[in-house]
There are 2 protein chains.
Amino acid sequence: MNVSKMPTLADVGRVAGVSRGTVSNVFNHPDLVRSDLRQRVEAAARQLGYDGPDPRGRVLRDGKFHAIGLIPPGAYAIADMIRSPYLRELVLGVSLACDEAGATLSLVNGTDETRISTIREALVDGFILGHSADIELIASLRRRRLPFVILESDAGPDVNSIRIDGRSGALAAIRHLAALGHQRFAILSIRRTSGPPIVHLPGNAPRAISAGFQLDHERLFGFAQGLAELGLSIDNVPIIETTPGEPSAGAVVFDRAPQATAILTMSDWQAITVLDEARRRNIKIPEHMSVVGFDGTAESSRTTPPLTTVAQDIVGKGRLAATMVFANGAPNQVIIPVELLVRGSTTRPRG
Amino acid sequence: MNVSKMPTLADVGRVAGVSRGTVSNVFNHPDLVRSDLRQRVEAAARQLGYDGPDPRGRVLRDGKFHAIGLIPPGAYAIADMIRSPYLRELVLGVSLACDEAGATLSLVNGTDETRISTIREALVDGFILGHSADIELIASLRRRRLPFVILESDAGPDVNSIRIDGRSGALAAIRHLAALGHQRFAILSIRRTSGPPIVHLPGNAPRAISAGFQLDHERLFGFAQGLAELGLSIDNVPIIETTPGEPSAGAVVFDRAPQATAILTMSDWQAITVLDEARRRNIKIPEHMSVVGFDGTAESSRTTPPLTTVAQDIVGKGRLAATMVFANGAPNQVIIPVELLVRGSTTRPRG
DNA sequence: ACAATTTTTTGGAGCGCTCCAAGTTTTTTA
DNA sequence: TAAAAAACTTGGAGCGCTCCAAAAAATTGT
């Protein structure tokens with residue numbers, strides 16, 4: 001369309017009768033330029049339709065993009081980012097820190113296959129990596145030699161990571177249910193790969209629930225500990241792995257674990273699907289079934305009934321992650337505390 | 001941290017004993033390079049820890065960022081992007097098109113004040129502008145001479161825009177309610193500035209509802225037309241302007257327009273707040289009150305009851321917008337059709 | 001009025017890359 | 001085997017910018 005080349009600093013300088021450097025100063029350090037010259041330059045810029053230094057040149061010269069890349073977990077790229085209440089708040093936190101730092105937030109897209117090349121070419125100064133941190137991804141991040149932070153996945157002492165204390169949270173959830181008198185549980189865990197829910201019922205020993213995220217393992221460990229305090233074994237608790245956002249998660253748990261009086265989940269998102277399914281089946285929550293979420297998202301307080309959930313400061317986590325990337329300091333592993341919010345979705349079991 | 005400079009094409013060339021150009025070819029046009037040389041170069045790259053051409057250099061040379069900037073409407077920047085069901089689907093659509101084009105999606109942040117400078121400096125090849133297209137913003141987009149598309153706001157024949165046929169949608173909504181026998185309506189419109197809901201009751205003439213978005217005006221026009229067909233004037237219908245996401249929208253409409261039997265909204269998001277408030281007040285939807293949403297978001301089908309709503313292809317709109325930016329062709333104004341989805345939130349009025 | 005000091009302006013260097021015309025080597029053809 | 005054709009490699013140019021040391025201009029002090 002626009003065949004006419006964009007004017008450059010040099011063009012403006014030529015028209016104003018000053019050097020490139022002075023024009024640059026007018027835009028970047030106006031206080032260094034005498035005011036009459038400054039006005040001449042500004043007039044020339046206006047005349048040429050020059051709107052300030054082109055970011056392309058600046059990028060090369062400064063070596064900085066002033067942008068941060070957010071790599072979503074899982075295979076669904078930005079779709080999940082949008083659909084998951086947890087990820088939404090995370091994005092919000094990251095974006096707030098970016099705002100404050102005058103940086104831009106780039107959503108790094110692509111499937112598992114293209115993601116590595118995307119990482120190599122993304123126009124960012126650092127990355128925040130969602131919770132599916134596989135070896136190859138981390139290797140490619142290292143090669144790029146940019147600061148990065150991994151969430152909910154500990155990649156060792158030489159890598160920045162931020163995690164919640166998922167184990168304590170899970171433990172607190174079980175203790176809360178135990179105190180209410182629950183004895184029969186079901187757990188909704190996260191399936192890493194796509195596909196229908198995977199159902200692990202007691203007796204299907206040995207149960208291979210090792211393919212998930214580190215996030216799950218930690219929480220399952222907490223559940224196991226809590227169950228042990230009750231004299232129960234997690235091996236006798238049905239565990240159902242569902243893909244994030246899988247709408248049938250609720251249906252599967254009601255169908256396959258009908259004896260449970262309380263359902264523990266890995267996210268508010270999952271818990272919400274359970275609530276939805278319960279409504280569909282006319283199962284009253286919490287009277288017929290207690291449900292515990294995870295994350296403490298804004299959504300969790302708006303459901304009917306409001307969710308009892310293991311809350312974390314998600315926005316703060318996103319903020320902190322971005323801040324760590326910007327700071328680019330020594331590797332650090334942060335653990336964020338969690339808090340069990342007891343709300344309306346849990347009560348004593350019937351009967 | 002990393003004091004050692006990153007290796008460059010030239011460094012790799014030096015080690016491999018070839019020229020810069022050949023190394024560049026190895027990474028960008030490997031078929032042009034004899035295989036023995038290619039392997040030598042690859043070995044040298046590996047040895048130096050060179051992970052491919054630095055995007056910074058490429059940006060300047062190619063003049064392209066391969067990225068698109070999404071400027072959210074309103075003052076809340078990315079927060080709204082995350083909270084609004086409509087914007088979420090829009091982001092999804094844009095991101096899908098970006099994926100296909102191998103481009104990155106940048107969320108252009110900043111408040112109204114900083115947005116102009118952000119536009120000047122964003123590392124993108126074009127913009128998609130949410131529905132709050134003010135003159136100054138458009139002027140600054142023009143100055144940058146990058147392709148851009150405006151959504152839900154017609155800025156004239158020399159600017160790309162995509163809009164839904166909001167008037168027809170609004171008309172269809174009224175006709176549907178009229179066919180059910182409704183006579184008394186209330187309208188939830190969108191307040192452009194922040195603050196509590198603004199209530200326009202009949203009699204408060206002249207009603208100054210002119211400060212909103214073009215989006216609203218069109219729909220209000222459609223409502224007015226439909227009301228006229230019923231022999232009614234929109235001047236006798238309460239109109240309440242609420243900020244997007246305002247949780248009290250529902251409360252205000254029930255308090256201030258108690259005589260209505262049907263509530264028309266500008267978004268599913270608003271309609272959902274009405275549903276929430278109704279539940280809180282034990283007002284049965286649709287038995288006690290009919291509610292119509294706008295947008296046809298995924299959320300609208302999951303509410304209880306599912307929303308009757310004026311649906312548009314939001315994901316497709318985002319996709320199209322991105323495609324138009326990438327194509328950078330002659331200015332074009334697209335109007336997307338809408339479809340009234342009649343679901344559970346509307347029925348004949350009581351009595 | 002002139003030197004010393006301060007303020008302002010200049011233009012070379014270089015950020016890392018890719019294109020491309022020209023040069024070099026290898027392969028094919030007669 | 002030499003010339004013609006094809007395949008491959010080279011390195012200069014230049015993308016637009018900002019830094020910075022040095023030059024130039026303006027101001028101050030005596």
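Below, chains carry the letters A, B, ... as their sequence lines are ordered, and counting in each starts from 1.
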Requested in this report: Examine B:Phe27 together with B:Tyr50 and report whether their ring centres are nearer than 6.0 Å.
Outcome: yes

- Can you find a heavy atom in the side chain of B:Ile150 that is under 4.5 Å from one in the side chain of B:Ile138? yes

Taken to the nearest whole Å, CG/A:Leu48 to P/D:dG16 is 14 Å

request  = Examine distances only and state if a side-chain atom of A:Gln333 and a backbone atom of A:Gly156 form a donor-acceptor pair shorter than 3.5 Å.
outcome  = yes

To the nearest angstrom, the CZ-P distance between B:Arg61 and C:dG14 comes to 20 Å

Working for salt bridge (Lys or Arg N to Asp or Glu O under 4.0 Å), residues A:Lys317 and A:Glu89
CA-CA 9 Å; A:Lys317 182 157 88 175; A:Glu89 289 190 30; over 6 Å; no

Rounded to whole Å, the CG-P distance (A:Leu9 to C:dA13) equals 19 Å

Under a 4.5 Å cut-off applied to non-hydrogen side-chain atoms, are B:Arg20 and B:Asn25 in contact? no

inquiry  = Please check this pair: side chain of A:Arg120 against backbone of A:Arg144, looking for a donor-acceptor N/O pair closer than 3.5 Å.
reply    = no

Here the distance between atom C1' of D:dC20 and atom CG of A:Asn28, to the nearest Å, is 15 Å

B:Lys64 NZ to D:dG16 C1', in whole Å, measures 16 Å

If only atom types and distance count, is the side chain of B:Arg115 paired as donor or acceptor with the main-chain N or O of B:Leu137 below 3.5 Å?
no

Notebook entry, point to check: Closer than 4.0 Å, any side-chain N/O of A:Tyr50 to the OP1 or OP2 of D:dG16?
Noted result: no

Between CZ of B:Phe65 and C1' of D:dC17 the distance, given in whole Å, is 12 Å

Would you say A:His29 places a side-chain N or O within less than 4.0 Å of OP1 or OP2 belonging to D:dC19? yes

Atom CG of B:Asp11 and atom C1' of C:dG14 are separated, to the nearest Å, by 14 Å

Contacts of B:Leu60 and B:Gly21 projected onto DNA chain D by closest heavy atom; the upstream (5') one is B:Gly21

Polar pairs (N or O, both sides) under 3.5 Å between protein and nucleotides 4-9 of chain D?
from	atom 1	to	atom 2	distance (Å)
D:dT9	OP2	B:Arg34	N	3.2

* Under 4.0 Å between a side-chain N/O of B:Arg56 and OP1 or OP2 of C:dG16, yes or no? -> no

Here the distance between atom P of C:dG16 and atom CZ of A:Arg145, to the nearest Å, is 12 Å

* Asked: A:Arg20 side chain N/O closer than 4.0 Å to the phosphate oxygens (OP1, OP2) of C:dG11?
  -> no

